[in-house]
Every structure is written in C-alpha cells, then in structure tokens.
Novice: 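Take a look at the following structure, please.
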2 protein chains.
Amino acid sequence: MRSQDLEEMRRIPFFRSVEPGQVEAMLRGAFLQRFPAHVELIHTGEPADFLHVVVEGTVEMFSVHRDRETTLGVSGPGDSFILAAVLFDRPYLQSARALLASRILMVPADAVRQAFAADAGFARAIAENLALAYRGVIKELKNQKLRSGLERLANWLLTHDAENGSTGHFDFPFDKKVLAARLGMAPEVLSRSFAALGAYHVVVHGPSVVIQDVAALRKLAHPCSTIDGTSL
Amino acid sequence: MRSQDLEEMRRIPFFRSVEPGQVEAMLRGAFLQRFPAHVELIHTGEPADFLHVVVEGTVEMFSVHRDRETTLGVSGPGDSFILAAVLFDRPYLQSARALLASRILMVPADAVRQAFAADAGFARAIAENLALAYRGVIKELKNQKLRSGLERLANWLLTHDAENGSTGHFDFPFDKKVLAARLGMAPEVLSRSFAALGAYHVVVHGPSVVIQDVAALRKLAHPCSTIDGTSL
DNA sequence: CGCGAAGTTGATTGCTTTCAAAGGGTGTGG
DNA sequence: CCACACCCTTTGAAAGCAATCAACTTCGCG
C-alpha cells in the first residue's frame, strides 16, 4: 500500500480511537483493492479471512437460499462489514457485491483479532460498531415485518430526501431494480408502488423523484424513530 | 440483594470474564426481580436505564407499530437483552414481556457503562455478546425473508428437537399462539401449517409433537447452517 | 356445569409474486 | 449513422401465500 493511501486509511472513523501502533500493524498486512461494479466480494459460508471497509463506492450485502435472494443492507464509505464474523472467526452469514466500482480496504482477520486483544480502545470501538450494527438490523427487521411494501417505499423516500438536504427532489443512487431488492419486493411491485404514490403527489420520471407534498407522504409512511432514525 | 443471590449472579456467563471487583460494583446497585407472566418489562422508545439479564424464565422481545405487533426474539436463562441500547444510552428499540414467571437481574446502565470503560475484559465480553446477537438477528432476517411460513415452522421443529436430544418428540415450551408470533405468522396459519405437516409424518396432539420421519421433514425444511445454526 | 381462552376450520380478502409481453434507453458493431 | 441487441422498466393477467373475519370445537378450571 502506498504511503499516501496509508494516510487516507488512518482517517477512517473506524480507526479513530485506536492506538497508532495498532493501526500500523493492521494496515501493514492490509490491501486496498479496487473492484468493478457487480463483482462479488465475499460469499456466504466462507471463512472470514479479511475485515472489509468501504473506502469509496457502494456495496450490497445479500444472501441466497435455494432459489431465492434477498438484500440485507447497503454499505457506503466508512462502513465496515462482516466485522462480527471476522472477530470470532466464524463463517460469513452474508455475501457482498459491489454496486458501483469501489475501493475496499481489506484487513487480515488475524490482525484485527490481535488488535482487539491488545488494544482496549479498539475493543470498545468495535463494541460500539457492533452495537450500532445490531440496532440497524433490528430496525431493518421491524421495517420488514411491521410495514407493507408501499410503506417501506414511502419511508425510504422520506429518509433519503432528508439525508440529501430535504429538497424534495433527488435522483436514485442506484437502479430501481436494486432499490426493489433493498426494500424487499419484486421490481414489478416497486413499479406499481411508484404508480400508487402518484395519489400522494410523488412524481417519478426515470431516475428522478419529486416529492411535491411531504406532509401527504408522511401521513402514508408514518415514520418512526425506532425504525427509521439513523441517529438513534 | 441477598448474598446467596450474589453468588448465583456471579456465575452468569455474562460476567465470567469480568474482574471480580467490577462484578461487585455492578451487582451493588442491581436488583433481582421477579415478574409474573405477561408483564411488560421494558417498552419501546424508553430510555435504557437497566441492563436486563434473564436468570430464570422466558422473555419475549417484540415491537408494535401502528396496529401491528411482531415478535423479534425470545430470551432464556443466561441471555441478556437490550445490551446495545444500554451501552450507548439510546432508547430501546424493542419491548419485552415475560412469557413465564421470570427472575430478571437488572443492572443500572451507569454501572454497565462504567465497567465497560474500566475493564477491558468486560468490554471484550460485551463485544462478543454483541457480535453473537448481531449474527442472530441477521439469521432471523434471512429466515424471515428467504423462507415461507411452512419452511420456518419445519426448521423450528427440527432445531427444537435437536436442542432437546433429537428424540423426535417433545412438548411445546410455550403456547402455539406465541410460537405463531415467533415464526411471524397468524395463529390460524400455524394451525393450518401443522395440518399440512401431516403429509410429512409430523403428528401434533395438543402440546405434544412427534416427528415420525426426520428425513422427510428435513427435505421440506432445507436447514442451513447460515440461518439455523445456533453454534455458528 | 358453564365460562373463557386457546385452537381449529372455513370463507374471503388483499398483498405480493410470478409469468408474460411490450416499451424505452443505451451501447456496440456493421 | 443506423440497426440491432440487451437490459431495465413498465403494464397486464394469473396464481399463491398469508391475514382477516367468523363460527365452531376443545380443554382447563372455577
């Protein structure tokens, strides 16, 4: 890894509360790799050899069982994934693929476990990371079990708008196909759902969305801090 | 708390790798409380004042949104719950109610956070706990999204049988109503599902189940270590 | 014996998936 | 520069799984 890259890696939030020496040790054996879109980075069931951290790009976590596939989450810059598997040397429960061309930092599992054992600050940072990840999955489970497809879409639109300045209009960051998978529905259903949102003054033209009446959409979505909040 | 109880608490797996002094400190302000069945122990959205550990009994984690309710998990003796909320002082994402009369150890959140900051061993134990909890929820999410109700039931039967010595027959540890909620289906659907399992030589009489042909049930269930395994 | 909760069974509705086909945009190769 | 292929997206129609409503049975318990 180039020293310029090393500098960049040190600034990853994940390493913030780690002793510099431990960061060095972890980065020494690490790779910073580029992956083109659609490439599978890790595969369900395989042993956890590397902790992965998204430096740039977008990664979809998914899983396949029999002839079904489902998206479990999407990771962006600064997010690590499969930390739990790496820490305790268990097989991956999820697969990951790049949605966009991405740069991924790959830290050998041994080094992570060693730093976890040696550096209490790192151990606490990992605990925090895991706690937030845990709460994220609980929210996803609630979102899935307590809401209809249309409600999930409405809330996703509100959340995404809020994350982008609440302007009421934005472009999709990925294909609608991917959004459908992320929301846990077939692409056809997403299409129909968009049509249904016309009644709530949501206008979709190709990749662009305009929310003309936030209040109306809110009323349909019933956003809730214990499901949607990114902050809690 | 009585000294006899203190002895019992020290043996909780959760405290195993914690310095005795820290355990003392945590237990000093803790309560050991009995709750009758059906009582709600914690409520979604409230601030996390206590870490709860099940000493005896069974607790259901659930959540309500609008007019829908769903079960998110069931905790038994030795399990802690809402650790993530307590650690970082966030509101509970789940509610909890006792399914059976239960004894619950309630440790003040402050004491937990203090021990987390002071004792690296405890911090690591918590990280491990959170990692396993995280993996558990991921499995639950996969179970929910990748399987039909009948498949979830079939797998639950196989898992529960395996946990009880693989004798091929057992009694339900809780009402079928609760099992239905746990599997994410209406009670009526569970009833029909049991009827459907007759074709696979599963016989249900009141609270008792007999699996007469494990192979047949397995073929329907397609158990999978990255969804069902309690060990992974 | 009768109340009440739990469980079963039937009928109906609704959300979602699946299959099928057509429209629309993009990129490549002729 | 056009033609064609390909994929995404949309729309239509049909089928399936699960929820809901309703009625009836069963069982435990006072």
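A, B, ... follow the sequence lines: proteins, then strands. Residue 1 opens every chain. Side-chain atoms are counted along with the backbone in the values below, which use heavy atoms only and exclude waters and symmetry mates.
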Novice: Taking CG from Leu197(B) and C1' from dT8(C), how many angstroms apart are they, rounded to a whole number?
Specialist: 15 Å
Novice: Counting only side-chain N and O atoms of Lys176(A), is one of them less than 4.0 Å from OP1 or OP2 of dT9(D)?
Specialist: no
Novice: In whole Å, I'd like the distance from the CG atom of Leu190(B) to the P atom of dT8(C).
Specialist: 7 Å
Novice: Tell me whether Glu188(B) is salt-bridged to Lys176(B), with the criterion being a basic N under 4.0 Å from an acidic carboxylate O.
Specialist: no
Novice: Would you mind classifying the nucleic acid contact of Gly206(B) as base, sugar-phosphate or nothing, using non-hydrogen atoms under 4.0 angstrom?
Specialist: nothing
Novice: Is the shortest distance from a Lys or Arg side-chain nitrogen in Asp228(A) or Lys142(A) to a carboxylate oxygen in the other one below 4.0 Å?
Specialist: no
Novice: I need the CG-P distance between Asp171(B) and dC27(D), as an integer number of Å.
Specialist: 15 Å
Novice: Inspect the contact between Arg135(B) and Glu140(B) and indicate whether a charged nitrogen and a carboxylate oxygen are less than 4.0 angstrom apart.
Specialist: no
Novice: When you measure from the centre of the six-membered ring of Phe35(B), is the NZ or CZ of Arg103(B) closer than 6.0 Å and no more than 45° off the axis?
Specialist: no
Novice: Take the protein atom CD of Glu69(B) and the nucleotide atom P of dA19(D), then report the distance between them rounded to whole Å.
Specialist: 14 Å
Novice: Using a 6.0 Å distance limit plus a 45 degree cone around the ring axis, check whether Lys219(A) lies over the aromatic ring of Tyr200(A).
Specialist: no
Novice: Do Leu197(A) and Leu157(A) come close enough that some side-chain heavy atom pair is under 4.5 Å?
Specialist: yes
Novice: Using whole Å, what does the distance between atom C1' of nucleotide dC8(D) and atom NZ of Lys177(A) come to?
Specialist: 7 Å
Novice: Within the sub-3.5 Å range, which N or O atoms of nucleotides 17-22 of chain C have a protein N or O partner, and how far apart are they?
Specialist:
unit_1, atom_1, unit_2, atom_2, d
dT17(C), OP2, Ala186(A), N, 3.1
dT18(C), O4, Arg192(A), NH2, 3.3
dC19(C), N4, Glu188(A), OE2, 3.2

Novice: May I have the distance from Asp175(A) (atom CG) to dG25(C) (atom P), rounded to whole angstrom?
Specialist: 15 Å
Novice: Over how many whole Å does the gap from Leu153(A) atom CG to dT9(D) atom C1' extend?
Specialist: 15 Å
Novice: For the pair made of NZ in Lys145(A) and C1' in dA19(D), what is the distance, rounded to whole Å?
Specialist: 14 Å
